[in-house]
Amino acid sequence: MFHFVRRRMLSSVLPLVAVLLGVFVLARLTGDPASLYLPESATPAQRAAFTERNGFDDSIWQQIADYFGGVFQLDFGESLRTGESAATMALRAFPATLQLAGATMLIAAAGAVVIGSWAAFRPNSLADRIASFLSMTAASVPDFWFAITGVWIFAVGLGALPTSGVSDGMLSWVLPVATLAIRPLGVLTQVVRGAMVSALSAPYVRLARSKGAGSVRVVSHHALRNAAAPALTVAGDLTVSLVNGAVVVETIFGWPGIGKLMIDSITGRDFAVLQAAVLLTAVTIFVLNIVIDVCYALLDARVRETATV
Amino acid sequence: MTHTADTADTAGTADPSGEPLLRVRDLTKTFPVRSGGRTRQLRALGGISFDLRRGETLGLVGESGCGKSTLARTLLMLERPDSGTVRFDGVDPFTLRGARLLQWRRRVQMVFQDPFASLNARMTAGDIVSEPWRTHKDLFPSAKERGARVRELLGLVGLRAGDEHRYPQEFSGGQRQRIGIARALALDLSVQAQVLNLLNDLQRQLGVSYVFISHDLSVVRHVADRVMVMYLGGIVEQGGTEAVFGRALHPYSAALMSAAPSLDEAGRGRQIILEGELPSPLSPPSGCRFRTRCWKATDECAAASPEPAPDPEDGGHTAACFHPMGKEAEPVPAGRGAR
Amino acid sequence: MSSLSDKAADGRPGTGSDAPAAGAEPAAPARDSRVSLWRMLLRDRVATAAAAVLSLVVLTAVFGPLLVGSAATEQDLDNTNQPPFSFDDGWLGILGTDPLGQSVLARLVVAARTTFSVAVPAVALALAVGALVGMWAGYHRGLRETLAMRVADIIMSFPSLLMAVVVLYVFSPSVANLVVVLAITRIPVYLRTARAESTELQSRLFVDAARTFGTSSGAIIRRHVFPIVLPTLLTLATLEFCYVMLAESSLSFLGIGIQPPDVSWGLMVSQGRSYLQTAWWLTFFPGLAIIVTTVSATVLAAWARLATDPAQRWRLTLPRRARRARNAPAPQEAQS
Amino acid sequence: MTGTVLEVDGLSVDIRTPHGTVRAVDKVSFSARRGRTLALLGESGCGKSMTAQAVVSLLDPTAEVAGGRVLLDGTDLVAADEQTRRAMAGPELAIVFQDALTALNPVYTVGTQLAEPFRIHRGLSRKQARREAVDLMARVGIPEPETRVDTYPHQFSGGMRQRLLIAVAVALSPSVLLADEPTTALDVTVQAQIMQLLRELRTERDMSVVLITHDLALVAEQADEVAVMYAGNVVESGPVREVFDRPRHPYTRGLLDSVPVHAARGEHLKSIGGAPPDLHSIPAGCVYQDRCPLVRDLCRTRRPQPAEVAPGRTAACHFSAEVK
Amino acid sequence: TVANSDSVTADGDALRVVLPEEPPTLEPCEASLTSTGVVVRSNITEPLTERHPGTGELEPKLATSWKRTSGTEWTYRIRKGVTFSDGSRFDAEDAAYSIDRAVNSELGCNVEGYVFGDTDLKVAAPDAHTLTVATPKADPILPLRLSFIEMVPTSTDAEKKVREPVGTGPYRIANWEPGLRLTLATNKRYWGRAPAYGSVDYQWRTEGSVRAAMIANDEVDVATSLSPEDGAGDAAEQYPNNETTALRMQVTEPPLDDRRVRQAINYAIDREGIVGSLFQGKAKAAAQLVPRGVVGYNESLQPWPTDLAKARRLLAEAEADGVDVDRSIRLISRTALFPKVDETVQVIQNQLNDLGLDIDIEMKDTAGSTEFQERPFPEDAGPYLMLIQHGNQAGDAAFSMDQYLLSKGYQSSGGTAAFDRKIGAAEAKTGAERQDALAEVFADEPDEIAQYAYVAHMYGVIALAPDVRYRPNSATGDEMRLAEFTPAD
Ligand SMILES: Nc1ncnc2c1ncn2[C@@H]1O[C@H](COP(=O)(O)OP(=O)(O)OP(=O)(O)O)[C@@H](O)[C@H]1O
Ligand SMILES: Nc1ncnc2c1ncn2[C@@H]1O[C@H](COP(=O)(O)OP(=O)(O)OP(=O)(O)O)[C@@H](O)[C@H]1O
Ligand SMILES: [Mg+2]
Ligand SMILES: [Mg+2]
């Protein structure tokens, strides 16, 4: 297992470099930030000074070298917008996103496992159909619509929750997490249901029943672990998109996360911050993918032996 | 329990004397097995040599996991051997490319061991049987012809009209096996209707050669001209069917023959029940592979591995054993599970 | 010994030389297991409804714009934000009007076409590329697999919004560019799934069987891997279809999505967002359209997945029918 | 009959297919006695596995019991509620499935799976159950059980897996063990080992074994009684020796004749012409009529019911006396 | 309702404000950026003089008096007894330093471009309470310009912009948790009257309806930049906000280089329709670039009437003269420029399409639109119309004209030398003459240049909790003076 993780990590180094390089190049394709940050009146000399100060006048190779040199020291430069260190800004915003993503996936996964298994246990029953319908609907609700409606119903209408912000402890989490979780919950429920339906008709389930195992035991001990792999793949993809920025939710609820930071730095052509944020999320995503692969291996001994990196 | 019939068709007549159709020498195949971060070599085939003559049926028997399927898969180029040579009509099939490879593919077919897994569950029986023609498009250009041909082939193996529209899981295990046979025959242009009572019927007419792999010794005895007995990746005994079945030289062969159940009490001799499992191919025993389970084993067996030696009375019957079985039934030591 | 061994002997003694060949036996009544999909669909009420809704939506997308003509862009500033369910302005006003006095119904209809012309090609493109590369990588394994997976990692860890902003900044927003952006960012989803399944399938015996007749790897992928992976991918695609519609609306929010006067459901939801308090219908109906369309597509995909899998097909029989069958007289008793 | 633990009486099983419901098992009756082996013998597809699955109430969702009783020590399992059935599954009634090689759950160690019956029925702790699992593994002849208990199914060879499944089945010393082709995928040496194991366990625990197979020789060697099935019907039953020495149903006769053991190499085997009827179109009258050498008009109209042809023997043939 | 657990609000002495976005920085020389200025100006830092949003008159702040001491020089008397919140004294030295830093340095301050262009100032502090500022050319409104410069102590970094400045204002920065909240506390050393609220807590939410919901849910006391639809209900207050929307036409590109086409566009736009339906009367159809209250506003100008027939006639004439009126024209604007910008753009597009032009909408983000909005304009952009919103924070039309009407103005697509001279002459005047001359420029623009199709003078919406008193004024959007908020009694 250790071997596997190490090899997997090594094989992620090059892609990470590619991501960093890609961000560098792509960001620069969006135009010169000078016009955004310099006053309209800026003289050519001022423009030149700005360009020089930010190193935009060096040859592209020099810039790339400086950039990667900085990356190794976790120095991404300073934000054009705020003047702060880009790395600081990214590191400050990231925990909020991770917490949000973590809570969301926890709830979505738990809900999906319970609802999905329950629906799969009696395929085509009324309960199954209702659960399936609801999960499909959940998967297609526009999130900002859900969020704003939620704010007006639960915060303003019922007064049960704060509208937004992070200052009300657990209550502050309810609406953002609900908004974020609704689609993953819907999608995962469908995946779990599908996987459970097949797992429940597998020969080992019949063997378990022949030992006198009851329904709960059959589902929880036998089918679930076998059904976990496809659910894990999808859950991974969903988590990735959460880590990559829950822009809408962070924007609406004033949640100071990396998604909002990224979008602000994109619209603000704030390359340094963008690069720091992308590196942070990319590393997290790579780690996440490795964790998922390890989970596969933990779930199923056969994977341990055949896994290629 | 049968499994593989590698039907190698030569489209000629049986010619037991001439150059062998298939000549295999010193074939070895190991699989890398990863465990605990370490990669170990599993020796599935450890130096296999034999000839398959034209029009001959070669029976291949042996304990589960001894490498029979691996040998068949290697002959079919589904696995690449580590060393050793395969000559088919004097040509090494592993060097073939393009049209010549396709031509070769037409001539060698395999019926798979596992009738559950070797048929694609999403294809109907008809699709499965006609699948080879999708690669070899020249064979039956018209759809109508193909349909008729599929029905004919299915009929040959004892399925009925209308069955070509059914899916594998709607057939019983035996019927699935027959679909596999029909598929293997699909590329054989000259198979005619009403021929497949026994595989050797076909053989008689077409000179098809078979490598017939089976756990069912009575069937092997019935169809094979010659028999090879494998144990742990190596051939321990080979010879004419009657010679081997009549008087097994190698203790393993003897145990194998004795273990087969028999319908009539008279034919039922003392069963030698081997103790323990096949030793791990990851760490085969030194010297003779069988010595760990052999009641005749001596120090000599651990020291050196026996070479195939011919039976003094029958040159075509060889066994790799230092202590071959004698002519008379030998007493099997108690505690060895004899019944 | 083993005489009626189904495994070995059945091929032999079961059919003696006296066994008639196929032609000789009276043709059995057609027991074609490929029951007409159509009939199976009609048997499943929910799936039928889903298919009907989906066809309606597709027809609307194709022919609807012809019907409503230019009503979708006919502004009427004296008649803005009219609530729905009133016939004062004729049938086009049934779903209310927007802040420009345009008919919400007409816009929904026109938006259906735009939405489809973005979402369908985007999903199809991502599906095609992801599935092909994924199946190829999973089938061949080794370096090719590692390579494809790492490329997928790269795309995944790239903020898709950045990609969108860049592409649309450099090439200006158009339906085609939108499609390309949305497609590229969603490729990994299909790629990973296709790879996982194809890795498993390539070791199956029926794939080996195909290899023995010299079938090329491309043909094996096409014939054995693809049909088995496809249902999973289609299920995924319906979910993605919805995702793409929503993603397109967030691009609209940033101003780099569909540009007015073109209109898509996502754009409608995004634009109506600021009127949630005063004109709920502006977001409700397009949101409903998205939900109804994806739910129908998902239901249909789930159904198709079962219907095209011979081993799963029985599930489409309702449990109620089964119970009735239990009480019915056995067929043989009826005969004898 | 004395010592009868399992009595199957008129059991029928229906399967739902795309073309309607078919009857795969039709009013099958047999009984199994303590300490004895009953063989259920029949051609592939004749309904043996269906019968076994119906007995343990573990039919596929497409199939269901359409009638009859399964009496286990007097309790009718068909009528019993889920609770009762579950309580009996394991300590009273156990089964080794035909698709045994895939029946072990690939993601759990064999130890966990072997321990499960003890955890469910005896409420043993994890540790105690593991102890029992190790003992069981030793009992079915798996070397080094202490280390192998923590390994996964795919690390075992086919023969060992088969033994593990038998171990699961006999864990709680059931009164009845149904073994559905337990050796199909195995070579004869392993088959012999497993048969020996079953024999020992049977004696040791005074079990009743129902051995399902298509292998006549195996039946001859292992079973005390046999029930021959054809197209979902039991066509003949009785003590093995008697049935094989003097079959009273033409199908049994045909089976015995087609065994290749006496035939010389290359010679045509005798075989039963034709194929079993399609389940969708089982003829009225005798199910064997299309392949029967003795067929008369009567056979085409009336289905023969199993009738006692000798003490302890039944045959379902109008002309059983004529069978040679 | 959930009690807000915020400690600062617990004593009831805090004002809670929600803004649309977090100030990227509080650097005073960036205060002409709306999101920075609204927090900083006159709250944390103060200028020498301050323009009264109602009267338009300059009022003393950190300067007690000022006068023109020569053609190009102005002299300020600096207020005594003022200290910065860090305790250091404020004197002319600091004032000179602040002006130097903002206008003459390489910092690239926003205020520099916004107010001074490329003019450099000569600043001197002859004694602790006297400040002189000289311009190369005579500038009658220099005090107005200088009122944009916030005073900082000499200890402020000269090389780098600062995020958290020290100032003389009634409040100081108490705590800034980036991304979360910004808290201001009263400056105990403040020279003026202590403000009513002991602390101010800023938060930010992008969605207007969420800001409105926060008011409804009593989570904040003040919500800014709302749109009437956001649902603030009775809490909402509308006010004319200084901003004017207009369509700038690229006068160099055919067919927009033809004045008849530009006039046709002007005739085709239904301003009353936009104002009436889209803005529900909360705006005023515009005939010029600045609203009432700005020096130079011309009372007598009437918006262009909507006359589609005439517009079409003009267009036909142009076409007859070989102008390629079929060329497709881009209609560019910025997302979220003002509430309902999307709708406005669509209406305009629709009306221009009716006229017979081929208009394509392109909504861009800030960076993207800036490129088209400011000189140097992108080459090969083709003809385009730019929907802009201009807010004259200074109260003098000269600021608008320099940028928007001069032929080389940073945001002007062109003009004529004659017109440039007219503007120059008007800007050189003072007093009532100045008003008339600037008004004259606005009156002549449609005939001489017709670079713009003015759309509307805009209104802002602010929501206040019932227990807060505040009267929004035209400057509220850019400079929200916290000292003007008082609790209701
Ligand atoms: N792909 C593989 N990787 C690792 N080991 C393998 C692989 N294929 C086969 N083996 C091992 O090689 C040996 C020979 O296997 P093979 O399938 O040839 O046996 P067999 O004689 O056909 O057995 P059976 O009678 O059960 O079919 C076994 O120990 C098996 O575990
Ligand atoms: N899903 C199904 N659809 C249609 N027919 C089925 C299905 N499952 C089983 N059958 C049929 O039911 C009959 C009885 O099957 P069963 O599995 O009991 O046979 P068996 O006697 O165990 O055969 P084998 O020796 O091959 O295991 C067979 O004819 C089979 O074709
Ligand atoms: Mg094999
Ligand atoms: Mg069976």
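For the numbers below, each heavy atom of this structure counts, side chains included, while hydrogens, waters and symmetry mates do not. Note on naming: letters A, B, ... go to the chains in the order of the sequence lines (proteins, then strands), and numbering restarts at 1 for each one.
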Can you give me the closest heavy-atom contact between [X] and [Y], atom names plus distance?
X	Y	value
Leu11(D)	Thr51(D)	CD2-O, 4.1 Å
Val192(A)	Ser117(A)	CG1-N, 4.1 Å
Ala229(A)	Tyr296(A)	O-CE2, 3.5 Å
Val13(D)	Ala63(D)	CG1-CB, 4.1 Å
Leu58(D)	Phe97(D)	CD1-CZ, 3.8 Å
Leu114(D)	Ala133(D)	CB-CB, 3.7 Å

Legend entry - When Gly90(D), Pro91(D), Pro106(D), Pro117(D) are compared by non-hydrogen pairs under 4.5 Å with chain A, the top option: Pro106(D)

Checking [X] against chain A: side chain, backbone, both or neither under 4.5 Å from a heavy atom?
X	answer
Ile120(D)	side chain
Gln83(D)	neither
Val168(D)	side chain
Arg119(D)	side chain

Inset, instruction - Could I get the full list of salt bridge (Lys or Arg N to Asp or Glu O under 4.0 Å) partners for Asp76(D), not counting sequence neighbours? - result: none

Run the salt-bridge test on [X] and [Y] with the 4.0 Å N-O cut-off and return the result as yes or no.
X	Y	answer
Asp128(A)	Arg122(A)	no
Asp150(D)	Arg130(D)	yes
Glu146(D)	Arg131(D)	yes

Legend entry - Partners passing side-chain hydrogen bond (donor to acceptor under 3.5 Å, both in side chains) against Arg86(D) (at least two apart in sequence or in another chain): none

Legend entry - Partner of Leu177(D) by side-chain contact (heavy atoms from CB on, under 4.5 Å), out of Val96(D), Leu201(D), Val210(D):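 Answer to the side-chain contact (heavy atoms from CB on, under 4.5 Å) test with Leu177(D) among Val96(D), Leu201(D), Val210(D): Val96(D).
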
Inset, instruction - Using heavy atoms and a sub-4.5 Å threshold, report which of residues 122-129 of chain D line up against chain A, by residue number. - result: none

Inset, instruction - With a 4.5 Å heavy-atom cut-off (strictly below), which parts of residues 203-219 of chain A touch chain D? List them by number. - result: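 Listed by number, the contacting residues are Pro203(A), Tyr204(A), Arg206(A), Leu207(A), Arg209(A), Ser210(A), Lys211(A), Gly212(A), Ala213(A), Gly214(A), Arg217(A).
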
